[in-house]
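Quick note: numbers below take in every heavy atom, side chains included, and nothing from hydrogens, waters or symmetry partners. Read the numbers this way: they start at 1 and go in the same order the structure lists the ligands and their atoms.
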Amino acid sequence: MKKSMFKKVIGIIGITMVAGLVLAGCSSKSSDKSVTKIQNKKTLVVGTSADYAPFEFPIVKNGSKQIVGYDMMLAKKIADNLGVKLKIVNTEFPSLISELKNNKVDLVMAGMVSTAQRKKVVAFSKSYYTVYNVMLVQKDKANDFNTISSLANKSIGAQQTTTQESIGKSQLPKSNLVTEASLTSLTTELANGKLSGVIVEKAIADNYVKTYPDKYAIAKVKLTTPKDARQINVAVRKSDKALKNRVNKVITKLKKSGQLDKMFKKAEDLQAKYK
Ligand code: ARG
């Protein structure tokens with residue numbers, strides 16, 4: 001072999017080795033900085049909309065207002081796993097996804113289901129609860145709404161930008177759909193007789209009936225919950241893959257140990273205690 005040729009071969013081997021090392025380095029660091037970032041600021045910031053007992057709701061304990069609930073218990077577990085403090089940011093449900101996209105919060109935990117439309121914008125963790133929709137009505141009208149047609153020309157509430165709003169639009173075209181940013185204003189209007197019903201998820205409706213048995217009931221009318229509107233998950237920025245993995249690990253562990261179910265029960269009891 002000529003000397004120049006020898007040099008060339010060695011050179012190519014060298015370049016190949018360097019390229020290999022660089023690639024290996026990249027793949028072992030393929031996880032992004034999302035977890036480290038949170039650990040550096042020592043705080044996990046979770047966005048929610050505290051109008052959704054038992055998932056998230058405000059209570060006054062020892063004179064100070066706190067946001068508690070099933071989502072908040074899970075949020076605390078995630079913060080603990082990351083070794084950081086938890087900060088909860090309470091906003092109206094319709095602005096939560098943009099808060100996440102604009103880096104105002106690290107995660108959204110708001111009883112949010114992973115619809116195909118939302119998946120275009122953000123990523124979701126594994127599911128930690130399954131839901132379906134019902135019609136919450138006034139207690140004394142419990143037997144008045146057994147069919148979709150019994151709801152024609154009635155004012156029916158649904159929270160803005162939720163899957164309940166889409167269900168109302170698509171399944172109750174003959175009703176007068178009333179939407180608001182806050183779910184609690186709708187349920188108050190229902191109690192006052194301004195609305196005939198409010199579309200809500202069964203877990204939420206059950207909580208209203210249990211907490212205020214003289215005010216609310218669940219009607220017999222059947223609503224269909226689309227497949228992509230059944231799983232409640234944590235919303236994460238698409239870029240934050242490492243954080244999403246962490247959240248999934250926490251959920252899997254809590255599911256396996258039966259802790260998730262216990263947390264849900266505990267959240268329901270809290271709501272009854274502080275109503
Ligand atoms: N699960 C429904 C959705 O994702 C409603 C969630 C409302 N959450 C709340 N905190 N108000 O669209």
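Of the options Glu92, Glu201, Gln231, the smallest heavy-atom separation from atom 2 (C) of ligand 1 is shown by Glu201.
Scanning both residues, Arg246 and Asn81, for their nearest heavy atoms gives NH1-OD1, 2.8 Å. The nearest pair of heavy atoms linking Glu201 to Gly111 is OE1-O, 4.4 Å.
The protein non-hydrogen atom at the shortest distance from atom 5 (C) of ligand 1 is Gln164 OE1, 3.2 Å. Scanning the protein heavy atoms around atom 11 (N) of ligand 1, the nearest turns out to be Asp51 OD1, 2.7 Å. Closest protein heavy atom to atom 8 (N) of ligand 1: Ala110 O, 2.9 Å. Ranking protein heavy atoms by distance to atom 10 (N) of ligand 1, first place goes to Ser49 O, 3.0 Å. Looking only at protein heavy atoms, the nearest one to atom 6 (C) of ligand 1 is Gly111 O, 3.3 Å.
At a heavy-atom distance under 4.0 Å, atoms from both the backbone and the side chain of Thr162 approach ligand 1. Within the 4.0 Å heavy-atom criterion, the part of Arg118 lying near ligand 1 is the side chain and not the backbone.
No N or O atom of Thr161 sits closer than 3.5 Å to an N or O atom of ligand 1. For ligand 1, the polar-atom distance check against Thr163 finds a nitrogen or oxygen pair separated by under 3.5 Å. Considering backbone and side-chain N/O atoms, Val113 comes within less than 3.5 Å of an N/O atom of ligand 1. The shortest N or O to N or O distance between Met112 and ligand 1 is not under 3.5 Å.
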Could you go through the side chain to side chain donor-acceptor pair (under 3.5 Å) check for Lys220 and Asn143 one step at a time? CA-CA 7 Å; Lys220 291 197 184 69; Asn143 297 311; 2.9 Å; yes
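Taking the six-membered ring where the residue is Trp, Tyr212 and Tyr216 present perpendicular rings, their angle passing 60° and hence far from 30°. Classification of the Tyr129-Phe264 ring pair by plane angle, with boundaries at 30° and 60°, yields parallel.
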